[in-house]
Asks: 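The structure that follows is given in the form of structure tokens.
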Amino acid sequence: MPHPKLRPAIPSDLPHIIALVEAAYAPWIDVIGAKPGPMLDDYGRAIEKGIVQVLEDTMGIEAILVLIPLPDAMLLDNMAVHPNAQGKGHGKRLMRAAEDAAAASGYSRLRLYTHEKMASNIARYHRAGFDITKHVTERGLNRVYMEKRITPLAP
């Protein structure tokens, strides 16, 4: 079976992206006592900005990746895999894609954040080489920021 393709999101992907994000983050609502930040994002605007990629196979969109270039780092704003597609290695593939995009853009750091109560995510990111850099409250959510050093590609 061919690997799903990672491609830039297009406007017609919007309802699929919203449904995927809802399905992926719904289990966290009870854990954190609120909707996680990614459930509050404007994906239509993000698609217009060209910062959303989708991982798609013949069955449809299985995962999304949202990367935002910042002055000092690439922000891995969201990486979500549909619950029906988990366990296929999509998370690792998206993480590699994020690291590769950051390096190709000349960044030496990849940054992300997650809710402080999402302990399994924090542990997963730590295993992937990320270190906690700060704890903040944003949009009413207690977030943990993490960074990973990467080697930028020469221009």
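The first residue in the sequence is number 1, and the count goes up from there.
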Asks: Flag the pair Leu70 / Met74 as yes when at least one side-chain heavy-atom distance between them is below 4.5 Å, and no otherwise.
Replies: no

Asks: List for me each residue that meets salt bridge (charged side-chain N to carboxylate O under 4.0 Å, His left out) alongside Asp72, sequence neighbours excluded, and say none if there are none.
Replies: Arg109, Arg111

Asks: Taking all heavy atoms of Ala97 and all of Leu65, pick out the closest pair and write down the distance.
Replies: CB-CD2, 4.0 Å

Asks: Please give me the minimum heavy-atom distance between Pro38 and Val21, naming the atom from each residue.
Replies: O-CG1, 3.5 Å

Asks: For Pro15 and Pro11, which heavy atoms make the closest approach, and how far apart are they?
Replies: CD-O, 4.4 Å

Asks: Got a sec, which residues hit side chain to side chain contact (heavy atoms under 4.5 Å, CB included) with Lys117, two or more places apart in sequence or on another chain?
Replies: Val31, Ile32, His115

Asks: Search all heavy atoms of Leu14 against all heavy atoms of Gly44 and return the closest pair with its distance.
Replies: CD1-N, 3.4 Å

Asks: Before you tell me yes or no, could you show the steps for Ile122 and Phe130 under side chain to side chain contact (heavy atoms under 4.5 Å, CB included), namely the whole-Å CA-CA distance, both residues' side-chain angles and the distance that decides it to 0.1 Å?
Replies: CA-CA 9 Å; Ile122 293 169; Phe130 285 81; over 6 Å; no

Asks: Treating Ile, Leu, Val, Met, Phe, Trp and Tyr as nodes and any side-chain heavy-atom pair under 4.5 angstrom as an edge, say whether Leu110 and Val144 lie in one connected cluster.
Replies: yes

Asks: If you apply the rule side chain to side chain contact (heavy atoms under 4.5 Å, CB included), what do you find for Tyr125 with Leu112, and how did you get there?
Replies: CA-CA 9 Å; Tyr125 297 137; Leu112 59 80; 3.6 Å; yes

Asks: I'd like to check the salt bridge (charged side-chain N to carboxylate O under 4.0 Å, His left out) partners of Arg124; sequence neighbours left out, ordered by chain and number.
Replies: none

Asks: What I'd like to find out is whether the side chain of Ile47 reaches to under 4.5 Å of the side chain of Ile17, using heavy atoms alone.
Replies: yes

Asks: Arg149: what forms a salt bridge (charged side-chain N to carboxylate O under 4.0 Å, His left out) with it, not counting sequence neighbours?
Replies: none

Asks: Can you hop from Val136 to Tyr113 via hydrophobic side chains spaced under 4.5 Å?
Replies: yes

Asks: For Val81, does its backbone N or O pair with a side-chain atom of Gln86 as donor and acceptor, under 3.5 Å?
Replies: yes

Asks: Would you check, one step at a time, whether the test side chain to side chain contact (heavy atoms under 4.5 Å, CB included) holds for Glu116 with Thr137?
Replies: CA-CA 10 Å; Glu116 69 181 10; Thr137 299; over 6 Å; no

Asks: Does any part of the side chain of Ile64, heavy atoms only, come nearer than 4.5 Å to the side chain of Leu20, both counted from C-beta?
Replies: yes

Asks: Please confirm whether the backbone N or O of Gly60 pairs with a side-chain atom of Asp57, one donor and one acceptor, at under 3.5 Å?
Replies: yes

Asks: Is there a side-chain contact between Leu40 and Lys35, using heavy atoms and a 4.5 Å cut-off?
Replies: yes

Asks: Checking Leu94 against Leu76 for the side chain to side chain contact (heavy atoms under 4.5 Å, CB included) test, could you report, in this order, the C-alpha distance in whole Å, the side-chain angles of both residues, the deciding distance, and whether it holds?
Replies: CA-CA 10 Å; Leu94 293 176; Leu76 195 172; over 6 Å; no

Asks: Please check if the side chain of Lys148 supplies one atom and the backbone of Asp131 the other of a donor-acceptor pair under 3.5 Å.
Replies: no

Asks: Just jot down the salt bridge (charged side-chain N to carboxylate O under 4.0 Å, His left out) partners of Arg143, sequence neighbours excluded, or say none.
Replies: Glu138

Asks: What closest approach, in Å, do Ala98 and Leu67 show between heavy atoms, and which atom pair accounts for it?
Replies: CB-CD2, 3.7 Å

Asks: Does Ile51 share a hydrophobic cluster with Tyr107, counting links as ILVMFWY side-chain heavy atoms below 4.5 Å and allowing steps through other members?
Replies: no

Asks: Set out, in order, the CA-CA distance, both residues' side-chain angles and the distance that settles salt bridge (Lys or Arg N to Asp or Glu O under 4.0 Å) for Lys49 and Asp42, then state yes or no.
Replies: CA-CA 11 Å; Lys49 290 174 145 183; Asp42 181 346; over 6 Å; no

Asks: For His90 and Ala63, work out which heavy atoms get closest and say how close.
Replies: CB-CB, 4.5 Å

Asks: Do the side chains of Pro36 and Ile29 get nearer than 4.5 Å, heavy atoms only?
Replies: yes

Asks: Are any side-chain N or O atoms of Asp41 and backbone N or O atoms of Tyr43, one a donor and one an acceptor, separated by less than 3.5 Å?
Replies: no

Asks: Using only atom types and a distance under 3.5 Å, with no angle test, would you say the side chain of Asp13 pairs donor to acceptor with the backbone of Ile10?
Replies: yes

Asks: Starting from Ile68, can I reach Met146 by hopping between I/L/V/M/F/W/Y residues whose side chains sit under 4.5 Å apart?
Replies: no

Asks: Residues two or more places apart in sequence or in another chain: which of them pass ring pair (Phe, Tyr, Trp, His ring centres under 6.0 Å) with Tyr25?
Replies: none

Asks: Are Met95 and Leu6 connected into the same hydrophobic cluster when the rule is that any two of I, L, V, M, F, W, Y join if their side-chain heavy atoms are below 4.5 Å apart?
Replies: yes

